[in-house]
Amino acid sequence: MSTLAAFRRIIRSVPRGRVITYGQVAEAAGHPRSARLTVWALQGGHDLPWHRVVGAGGRISLRGADGEEQRLRLTMEGVSFRGNRVRIDVHGWIPGRRRGHRRT
DNA sequence: GCCTTGACAATTC
DNA sequence: AGAATTGCCAAGG
């Protein structure tokens, strides 16, 4: 499978109401230190749940209107925020885990 | 094949 | 806390 497909597969695996970080996508796709590849993967990704991909610590990396839309979409899915950060401790998704509850 | 560009991340100052 | 710095990997020019 192509690297791109691997990344997109991970992104697509994130269910509604959950979020994943760029770094985690990369890690799950087999490129542990390449968060930027997630950016690259999202670029062609029209059909991907792009709004469920957030920055480290739950930061909304998009600026302006795009960021607001992302936040809106996430909120609509039931994702809660703390300031301008998604509560990844609550909504974080880790591929392979059915119950995204972090544990140190 | 070298240089630039990315919706990033961790570190350092 | 915020800016700058470096690492990362693939694509496009």
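FYI, side chains are in, hydrogens and waters are out, and symmetry mates aren't considered; it's all heavy atoms of this structure. The model shown is predicted, which means the values in this text are computed figures rather than measured ones. We name chains A, B, ... by the order of the sequence lines, and we start the count at 1 in each one.
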Calculate the interatomic distance between A/Y22 atom OH and C/dG7 atom P; express it in whole Å.
-> 23 Å
Rounded to whole angstroms, how far apart are CG on A/L37 and P on B/dT5?
-> 18 Å
Does some side-chain heavy atom of A/V14 sit less than 4.5 Å from a side-chain heavy atom of A/V19?
-> no
Measure from the side chain of A/A56, starting at C-beta and using heavy atoms only, and say which of B/dC8, B/dA9, C/dA10 lies closest.
-> B/dA9
Does a side-chain N or O from A/Q43 land closer than 4.0 Å to OP1 or OP2 of B/dA7, or not?
-> yes
Rounded to the Å, how far apart are A/R36 CZ and C/dC9 C1'?
-> 9 Å
Checking all strands, does A/T38 fall into the base, sugar-phosphate, or nothing category for heavy-atom contacts under 4.0 angstrom?
-> nothing
Check ion pair A/E77-A/R73 (N to O, under 4.0 angstrom) = no
Describe, in one word, how the ring planes of A/F7 and A/H31 are oriented to each other, choosing from parallel (under 30°), tilted (30 to 60°) and perpendicular (over 60°).
-> tilted
Find the distance between CD1 (A/I10) and CD (A/Q24) and round it off to the nearest 0.5 Å.
-> 11.0 Å
Between CZ of A/R52 and C1' of B/dA7 the distance, given in whole Å, is 16 Å
Whole Å only: how far is the CD1 atom of A/I88 from the P atom of B/dA9?
-> 10 Å
What integer distance in Å separates A/L42:CG from C/dA10:C1'?
-> 14 Å
Rounded to whole Å, the CZ-P distance (A/F7 to C/dA11) equals 11 Å
Whole angstrom value for the distance that separates C1' of B/dA7 from CD1 of A/I11 | 11 Å
Sorted by position of nearest nucleotide on DNA chain B, 5' first, the leading residue of A/W40 and A/Q24 is A/W40
